[in-house]
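Everything on this sheet refers to the single structure shown next.
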Amino acid sequence: QVKVVESGGAQVQPGGSLILSCTISGGTVDYSTIGWFRQAPTRAREGVSSISVRDFSTNYADSVKGRFTISRDNYQNTVYLHMNNVNSDDTARYYCSTSTANPHGSTWWTDFYYGMKSWGKGTQVDVSG
């Protein structure tokens with residue numbers, strides 16, 4: 001059984017930076033993509049970014065393009081979300097998930113969502129101060 005564990009969430013000041021980590025272990029590689037989504041109490045779930053297991057192609061939400069970068073360390077089976085120039089809208093609980101989808105283009109989040117397989121309990125990011 002695949003286990004997903006997120007870490008790295010913290011309180012950070014506006015304009016600051018943070019790196020989230022997602023470690024995947026166990027089970028078989030029955031997914032094509034790994035991604036991050038976030039959930040804030042007053043907002044709908046939002047896809048943040050994804051990265052292909054095969055070709056490392058990436059997708060980003062418009063709200064984070066140019067500020068966030070997703071990367072993957074194959075040897076440690078870890079996916080990172082580098083968050084720069086954060087603002088209050090980035091405050092949310094961030095979840096990492098695997099997906100059987102191979103999403104591209106403007107519908108990437110919808111495709112990813114419907115292919116989601118395993119996700120963790122999330123890590124909290126609070127932008128304030």
Side-chain angles (χ1 to χ4, degrees):
Q1 185 175 350
V2 173
K3 183 178 180 182
V4 179
V5 178
E6 305 94 337
S7 62
Q11 182 176 355
V12 58
Q13 292 186 343
S17 298
L18 199 63
I19 300 175
L20 304 184
S21 300
C22 168
T23 301
I24 300 172
S25 60
T28 58
V29 182
D30 58 352
Y31 48 89
S32 300
T33 310
I34 303 168
W36 291 91
F37 65 92
R38 63 189 181 185
Q39 180 80 63
T42 59
R43 297 204 305 269
R45 183 179 298 177
E46 178 187 19
V48 176
S49 182
S50 72
I51 186 166
S52 168
V53 170
R54 296 184 179 88
D55 62 13
F56 287 76
S57 59
T58 58
N59 295 288
Y60 294 95
D62 288 343
S63 58
V64 307
K65 278 181 182 176
R67 300 188 299 120
F68 292 9
T69 302
I70 191 169
S71 63
R72 185 177 180 215
D73 182 333
N74 272 353
Y75 296 105
Q76 297 186 14
N77 214 22
T78 301
V79 171
Y80 302 97
L81 186 68
H82 304 253
M83 306 168 63
N84 295 314
N85 193 24
V86 297
N87 58 59
S88 58
D89 288 339
D90 297 320
T91 294
R93 191 162 188 84
Y94 285 71
Y95 298 85
C96 178
S97 177
T98 64
S99 177
T100 58
N102 189 25
H104 295 285
S106 60
T107 63
W108 76 267
W109 166 234
T110 301
D111 297 337
F112 182 93
Y113 177 81
Y114 284 107
M116 283 172 55
K117 290 276 291 185
S118 303
W119 53 93
K121 296 180 180 180
T123 186
Q124 182 68 33
V125 174
D126 290 308
V127 181
S128 62

### Message
Tell me whether the rings of Tyr94 and Phe68 are parallel (<30°), tilted (30 to 60°) or perpendicular (>60°).
### Response
tilted
#### Entry: Exam field: side chain Gln13 to backbone Ser17, donor-acceptor pair closer than 3.5 Å
no
### Query
Should Trp36 and Met116 be counted in the same cluster of Ile, Leu, Val, Met, Phe, Trp and Tyr side chains packed under 4.5 Å apart?
no
### Query
So, Glu6 side chain and Thr123 main chain: donor-acceptor pair closer than 3.5 Å or not?
no
#### Entry: For Arg54 against Ser32, the heavy-atom pair lying closest together
NH1-OG, 3.0 Å
### Query
Taking it one step at a time, do Ser49 and Tyr60 satisfy side chain to side chain contact (heavy atoms under 4.5 Å, CB included)?
CA-CA 4 Å; Ser49 182; Tyr60 294 95; 3.2 Å; yes
### Query
Given the rule that I, L, V, M, F, W and Y join up when any side-chain heavy atoms are under 4.5 Å apart, are Val2 and Val5 in one cluster?
no
### Query
When clusters are formed by joining ILVMFWY residues with side-chain heavy atoms under 4.5 Å apart, either directly or through shared neighbours, do Ile51 and Leu81 land in the same one?
yes
#### Entry: Reported CD1-to-NZ distance for the pair Ile24 and Lys3, which is rounded to 0.5 angstrom
12.5 Å
#### Entry: Nearest-0.5 Å distance that lies between atom CZ in Arg38 and atom CG in Asp89
7.5 Å
### Message
Could you check whether Asp126 and Thr91, counting side-chain N and O atoms only, form a donor-acceptor pair closer than 3.5 Å?
### Response
no
### Asn87 side, atom CG; Ser63 side, atom OG - distance, nearest 0.5 Å
8.5 Å
### Query
Does Tyr31 offer a backbone N or O that forms a donor-acceptor pair with the side chain of Thr100 under 3.5 Å?
no
### Task
Tell me, with the steps shown, if Tyr95 and Arg45 meet side chain to side chain contact (heavy atoms under 4.5 Å, CB included).
CA-CA 10 Å; Tyr95 298 85; Arg45 183 179 298 177; over 6 Å; no
### Task
Supply the atom-to-atom distance Cys96 SG to Ile70 CD1, rounded to the nearest 0.5 angstrom.
7.5 Å
### Message
Nearest 0.5 Å, please: how far is OG1 in Thr58 from CH2 in Trp108?
### Response
9.5 Å
### Query
Are the side chains of Pro14 and Val127 in touch, meaning some heavy atoms are under 4.5 Å apart?
yes
### Message
For Phe112 and Trp109, take the angle between the two ring planes, folded into 0 to 90°, and tell me which bin it lands in: parallel under 30, tilted 30 to 60, perpendicular over 60.
### Response
parallel
### Query
Are the side chains of Ser52 and Asn102 in touch, meaning some heavy atoms are under 4.5 Å apart?
yes
### Task
Search all heavy atoms of Asp62 against all heavy atoms of Lys65 and return the closest pair with its distance.
OD1-NZ, 3.2 Å
### Message
Is there a side chain to side chain contact (heavy atoms under 4.5 Å, CB included) between Thr23 and Asn77? Walk through the geometry before answering.
### Response
CA-CA 6 Å; Thr23 301; Asn77 214 22; 5.9 Å; no
### Task
Test side chain to side chain contact (heavy atoms under 4.5 Å, CB included) on Met83 and Leu20 and set out the steps.
CA-CA 8 Å; Met83 306 168 63; Leu20 304 184; 3.8 Å; yes
### Message
Taking Val4 as the starting point, is it possible to reach Ile19 by hopping between hydrophobic residues whose side chains are less than 4.5 Å apart?
### Response
no
### Task
Kindly say whether Asp73 contributes a backbone atom to a donor-acceptor pair with the side chain of Thr78 at under 3.5 angstrom?
no
### Message
Between Arg72 and Val53, is there a side-chain heavy-atom distance shorter than 4.5 Å?
### Response
yes
### Query
Can you tell me if OH on Tyr114 sees more than 12 non-hydrogen neighbours from other groups inside 6.0 Å?
no
### Task
Output the distance between atom OG1 (Thr33) and atom NZ (Lys117), rounded to the nearest 0.5 Å.
13.0 Å
#### Entry: Polar side chain donor-acceptor pair, Ser50 to Asn59, under 3.5 angstrom
yes
### Query
Under the side chain to side chain donor-acceptor pair (under 3.5 Å) criterion, do Asp55 and Ser57 qualify, and how do the steps go?
CA-CA 5 Å; Asp55 62 13; Ser57 59; 2.8 Å; yes
### Query
Are the side chain of Ser21 and the backbone of Gly8 linked by a donor-acceptor contact shorter than 3.5 Å?
no
